[in-house]
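Everything on this sheet refers to the single structure shown next.
Every chain is numbered from 1, with letters handed out A, B, ... down the list of sequences.
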2 protein chains.
Amino acid sequence: MSVTLADVAARAGVSAATVSRVLNGNYPVAGSTRSRVLRAVDELEYVVNGPASALAAATSDLVGVLVNDIADPFFGVMASAIQSQIGPAGDHDAEAPHGQKMAIICNTGGSPERELTYLTLLLRQRAAAVVLTGGTVEDPDHLGALATRLRRLEAGGTRVVLCGRQPLTAATDGAAPGGAHGPVPGPEEDPGPAPVALTFDNFGGARRLTGHLLDLGHRRIGYLAGPAARTTTRQRLDGHRAALAAAGAAGGEAGTPEAERLTVHGGYDRASGYDGALELLRREPGLTAVVAANDTVALGACAALRERALRIPEDISVAGFDDLPFAIDAAPALTTVRIPLHEAGARAGRLALGREEAPAGRTATLPADLMVRASTAPPRP
Amino acid sequence: MSVTLADVAARAGVSAATVSRVLNGNYPVAGSTRSRVLRAVDELEYVVNGPASALAAATSDLVGVLVNDIADPFFGVMASAIQSQIGPAGDHDAEAPHGQKMAIICNTGGSPERELTYLTLLLRQRAAAVVLTGGTVEDPDHLGALATRLRRLEAGGTRVVLCGRQPLTAATDGAAPGGAHGPVPGPEEDPGPAPVALTFDNFGGARRLTGHLLDLGHRRIGYLAGPAARTTTRQRLDGHRAALAAAGAAGGEAGTPEAERLTVHGGYDRASGYDGALELLRREPGLTAVVAANDTVALGACAALRERALRIPEDISVAGFDDLPFAIDAAPALTTVRIPLHEAGARAGRLALGREEAPAGRTATLPADLMVRASTAPPRP
DNA sequence: CTGTTAGCGCATTCAT
DNA sequence: ATGAATGCGCTAACAG
């Protein structure tokens with residue numbers, strides 16, 4: 001805990017500058033000196049002082065990853081994928097952790113304040129990059145504050161990547177793909193280039209999912225939405241309603257009593273699915289299908305429905321979203337929408353390191369594919 | 001990205017040292033000066049330079065968390081709990097991120113080399129603490145190298161906490177609680193105090209689980225073990241066999257052909273459960289129950305069994321381990337052993353920050369409770 | 001209670 | 001290709 005560059009230099013009979021150069025490998029050094037230095041490093045068991053080099057170089061090798069909750073596989077899978085691209089991979093030399101970045105995972109719990117707090121903390125660490133995953137609150141104030149923080153980060157050389165989140169836009173986006181409003185510039189200064197964003201086709205996926213139910217013959221479909229005013233929630237709900245509207249089914253027009261009645265907002269957790277399904281049944285006993293905001297909510301709904309002695313899918317169909325690993329092992333296997341979480345995370349990781357070029361327009365939308373399984377079937381005659 | 005302590009000091013009409021003091025709050029400062037400084041900080045939007053302060057103070061506010069795979073809820077839940085104790089909690093002032101630590105999550109993928117690499121990286125960062133979660137490889141060489149790294153970390157002031165992992169012991173531990181061999185000191189120097197460890201009662205939980213099956217009347221029980229030579233795998237397998245042996249059932253004596261025949265080693269993933277169950281059926285068509293190394297493996301086994309037209313639990317019983325969130329929603333609900341992942345993580349987080357006293361003997365064993373659900377039943381007559 | 005003085009360990013100019 | 005010197009921004013004694 002005390003052997004420094006100077007010690008290594010002395011041992012190798014060179015100057016500290018030279019040691020620094022061989023360690024960073026970004027400067028020509030004679031082969032013989034290099035090996036001499038390397039040997040000294042080894043003998044002394046020298047370990048670079050990260051903070052010191054970060055201070056001198058004005059950049060650290062830390063990458064911030066913001067997630068709602070790392071215990072949720074939705075974020076866990078993305079985080080894992082991001083990590084796989086920035087950390088020590090299997091093919092790297094374990095004995096020479098040079099240029100290895102490390103991921104700082106920040107659990108925001110979905111709280112806008114905590115999101116901002118973490119961004120400040122990351123700014124303070126002079127993070128090399130920051131990846132923001134998942135949707136966020138659609139509040140203009142928060143979006144403004146967020147944009148300001150991100151701009152500040154970028155100004156300091158931190159690369160910013162949005163993964164599974166819309167580029168910073170106004171609240172009324174997602175009603176339809178392409179129907180976005182303009183970016184929200186912070187209260188001051190030059191917006192600069194927008195952060196690169198990888199988004200999921202939540203709207204399209206949701207529309208196809210509900211379309212599948214409609215094709216099956218369902219007309220009374222309840223929707224278990226996520227927390228209100230969050231991008232992901234809205235996009236999925238909007239997609240659902242768009243499908244309903246296109247088929248002229250009940251609840252397709254937002255704002256109507258019918259639409260309100262068939263929609264229950266809750267969290268993205270199992271308990272919300274359980275409670276929400278019960279509430280939906282109370283409001284509309286003739287329900288033939290329930291679409292959930294995500295797989296976890298869907299599982300909660302299934303539990304509630306089963307307790308009501310309703311068989312899935314004979315008596316009522318249930319569908320989820322995300323296709324998390326456990327969806328296929330649910331009872332019955334859950335019909336859902338597959339989101340390429342791993343690919344998105346891996347790509348975001350590469351983007352964060354500048355190892356992959358930004359997509360045209362700085363935004364790429366990843367597909368959301370319908371996965372029809374056993375939890376959906378035609379309604380009872 | 002360039003306003004420094006000095007700038008704030010100038011603006012507030014005080015010295016840099018004073019600013020540092022109010023910011024760190026660990027030194028008496030006059031109320032008026034403090035507010036003047038705080039205002040300057042605010043006006044200038046000053047953000048501390050983490051690396052610089054880490055260098056000067058010789059410690060950072062980063063906490064390393066080693067996990068096998070953050071995408072696995074087993075680790076995700078623990079990581080989330082750890083994080084909840086060290087990061088910005090809801091009750092903290094979002095505008096004053098002082099003393100907020102951040103978690104660096106390191107995915108080792110179960111690789112010993114990567115585990116060591118990460119430890120070196122963490123040493124380099126001068127991490128305030130390191131939490132190692134989950135079991136590890138039982139190889140003496142690795143254990144030795146690990147002990148050395150950890151000692152080095154502790155020598156540098158980094159607090160080390162083992163969460164869900166045995167204290168550094170020799171390979172032949174876990175055969176019975178208390179049957180441990182002595183600690184493995186590294187090849188050199190003074191061992192110093194062992195890191196504090198929070199362990200799970202894998203042995204006892206496994207024994208109770210298999211005991212439950214035996215009570216039900218099962219005698220031909222297959223075991224889907226995790227990767228060989230890992231602490232968690234062994235403890236669970238040993239517990240299973242101890243129960244078998246106590247009942248005089250087949251496969252209770254390790255090393256016998258019978259025991260080998262009824263045990264299949266694989267990974268901790270779903271595919272291993274699927275393949276393993278098929279293999280078990282091939283070896284022993286008369287199987288009446290399958291015990292899996294964890295819930296994920298159990299789910300894979302269920303899928304395979306169902307494809308073989310075997311009903312669970314009527315034709316064959318299945319049991320898991322860990323009681324991950326999805327276990328209760330499986331079809332049928334999985335009988336398993338509950339491991340207090342959240343509590344363990346939270347406690348480890350507090351231990352890492354020195355906010356909780358180390359347990360007596362520096363090691364505490366957390367209970368593993370049997371959760372009997374619908375996937376187990378008496379064998380067919 | 002506050003200011004002054006030194007480094008912390010490394011990456012960089014500049015020289016050579 | 002290598003060495004010497006300077007400073008990154010902050011904290012920690014030490015004065016006062």
Within the structure provided, determine whether [X] and [Y] are in side-chain contact (heavy-atom separation under 4.5 Å).
{"X": "R152(A)", "Y": "V47(B)", "result": "yes"}
{"X": "P359(A)", "Y": "R347(A)", "result": "yes"}
{"X": "V67(A)", "Y": "I105(A)", "result": "yes"}
{"X": "L5(B)", "Y": "L23(B)", "result": "yes"}

Indicate whether the side chain of N49(B) and that of S53(B) have a donor and an acceptor atom separated by less than 3.5 Å. no
Categorize L5(A) for me: base, sugar-phosphate, or nothing, with a 4.0 angstrom heavy-atom threshold over every strand shown. sugar-phosphate
Distance in angstrom units between [X] [atom1] and [N] [atom2], rounded:
{"X": "N49(A)", "N": "dT11(D)", "atom1": "CG", "atom2": "P", "value": "15 Å"}
{"X": "L55(A)", "N": "dT12(C)", "atom1": "CG", "atom2": "C1'", "value": "12 Å"}
{"X": "R124(B)", "N": "dA11(C)", "atom1": "CZ", "atom2": "C1'", "value": "14 Å"}
{"X": "N24(B)", "N": "dC1(C)", "atom1": "CG", "atom2": "P", "value": "17 Å"}
{"X": "D61(B)", "N": "dT11(D)", "atom1": "CG", "atom2": "C1'", "value": "14 Å"}
{"X": "N26(A)", "N": "dA1(D)", "atom1": "CG", "atom2": "C1'", "value": "14 Å"}
{"X": "R21(B)", "N": "dT11(D)", "atom1": "CZ", "atom2": "C1'", "value": "10 Å"}

For the base of dG9(D), is there a side-chain donor-acceptor partner from R126(A) under 3.5 Å away?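 Counting by modelled atom types and ignoring angles, no donor-acceptor contact under 3.5 Å is found here.
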Residues at least two apart in sequence or cross-chain that pass side chain to side chain donor-acceptor pair (under 3.5 Å) with R21(B), listed by chain then number, are none
Return whichever of Y27(A) or V19(A) has its heavy-atom-nearest nucleotide of DNA chain C closer to the 5' end.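 First, find each residue's nearest nucleotide; the 5'-ward one identifies V19(A).
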I need the residues from residues 8-18 of chain B with at least one non-hydrogen atom less than 4.0 Å from DNA chain D; give them sorted by number, or say none.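 Correct list: A17(B).
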Counting only side-chain nitrogens and oxygens, does T33(B) get under 4.0 Å of the OP1 or OP2 atom of dT2(C)? yes
Please report the shortest heavy-atom distance between I86(B) and M102(B), naming the atom on each side.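 The pair with the smallest heavy-atom distance is CD1-C, 4.1 Å.
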Look at the side chain of A56(A) and decide which nucleotide, out of dA1(D), dG9(D), dG9(C), has an atom nearest to it. dG9(C)
